[in-house]
Amino acid sequence: MEAVKMTLSEKIAKELEQDFEKSMQDKEFATLVKRLKINKKLAMNNNSKLQDTCEELKNCSNCQGLFMCKNNLSGHVLYPSVDEDSVKFIYTPCKYQKKQDKALQEKKDSLNELKNARMKDIDTSDKKRLKVIKWLKEYYDNYEKVNTLKGLYLHGSFGSGKTYLIAALLNELEIKKKALTEIVYVPELLRNMKEDFSLIEDKMRYLQNVDILLLDDIGAENVTAWGRDEILGTILQYRMNNKLTTFFTSNYTIQELEDHLSMTKNGEDKVKAKRIIERIKQLTEDIELISVNRRN
Ligand code: ADP
Ligand code: MG
């Protein structure tokens, strides 16, 4: 008789064990327990939370990006961290979240850096940059003396300092010569214009008229016929007609940019792409800057 009768705690322990055995029949659950290298007792005590983690990991395995995240805290998995004989659950960012955080942080850092970029701080030790630096100095000296100055199409390798160098010139001209300048990250320009139609007119007017404009990273955008022809094309045409300096940076040579601009999801349009390229050629001198990647 004694042998059959269970105390309450024994009964609970038995139920816990049964629940756990049931969970272990799920392949993902068993894999998770194995990966954590925890003993049965610890796993049993955390059964339901481990199940939650498992559910979240299953969501992740079918996920293509933050836009479709189904987890409790978007972009995160409540993942167990084992510390001797206890398990803590911590919100851990997924690969998409990490990528987004990194991109955002880089953008913030580079914006701050760009605001402070000045010509006197330009590092001149790298011989590959001397041609550009000389060009920028000449532009600076001639500004106000000559009223139709071409900008640069500065293309080359990632992190070689293209944006930084032009930003330094623009800041210098703002501070010392009261020029009105603007730096626009092209992929963002085209994305935002789509999101906010009501701002388009004001923004276009501003970008068409600002004294000096840098269109940063042209070629990194997803090309749409509308972005290329109505936004870029219109801004460039206006600035050309009014002889306003326009700079570009790109990872593409001008020929590569032409190929890039000709492809949209609606097919190929070489004529329209060529039209943009012709305007860029009118507006700029072409310099290549291939150098070490200064981004860490
Ligand atoms: P790119 O536009 O060619 O991809 P960036 O202009 O963003 O490259 O430069 C990469 C990094 O190097 C940035 O962090 C930038 O601040 C830094 N940098 C570039 N040129 C200089 C310079 N002359 N002096 C100091 N830092 C520089
Ligand atoms: Mg850049």
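Atoms within a ligand are numbered from 1 in the order they appear, just like the ligands themselves.
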Please list all pairs passing the side-chain hydrogen bond (donor to acceptor under 3.5 Å, both in side chains) test where one or both residues lie in residues 87-99, with sequence neighbours left out.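 For residues 87-99, and leaving out neighbouring residues, the side-chain hydrogen bond (donor to acceptor under 3.5 Å, both in side chains) pairs sorted by first residue read Asn72-Tyr91, Gln97-Asp101.
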Taking everything shown except Lys58 itself, do over 12 heavy atoms lie less than 6.0 Å from its NZ?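 Check passes, neighbour count above 12.
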Looking at Asn222, I'd like to know if its CG atom is crowded, meaning that more than 12 non-hydrogen atoms belonging to other residues, nucleotides or ligands lie closer than 6.0 Å.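 Not buried by this count: 12 neighbours or fewer within 6.0 Å.
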Counting only protein N, O or S atoms (no waters) closer than 2.8 Å to the Mg ion (ligand 2) gives 1
Check residues 114-122 and write down every donor-acceptor pair under 3.5 Å in which the side-chain atom is one partner and the other belongs to a residue at least two apart or another chain.
residue, atom, partner, partner atom, Å
Asn116, ND2, Asn112, O, 3.3
Arg118, NE, Glu172, OE1, 3.0
Arg118, NH2, Glu172, OE2, 2.9

With a 4.0 Å heavy-atom cut-off, what residues sit around ligand 1? Glu113, Asp121, Ile122, Asp123, Arg129, Ser157, Phe158, Gly159, Ser160, Gly161, Lys162, Thr163, Tyr164, Arg294, Arg295
Does NZ or CZ of Lys177 fall inside the cone over Tyr140's six-membered ring, less than 6.0 Å from its centre and within 45° of the axis?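 Satisfied, under 6.0 Å and within 45°.
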Ignoring hydrogens and angles, tell me if any N or O in the side chain of [X] forms a donor-acceptor pair with the backbone of [Y] under 3.5 Å.
{"X": "Arg239", "Y": "Asp211", "result": "yes"}
{"X": "Asn71", "Y": "His76", "result": "yes"}
{"X": "Ser86", "Y": "Val82", "result": "no"}

To the nearest 0.5 Å, tell me how far Glu28 CD sits from Leu50 CG.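 It is 13.5 Å, given to the nearest 0.5 Å.
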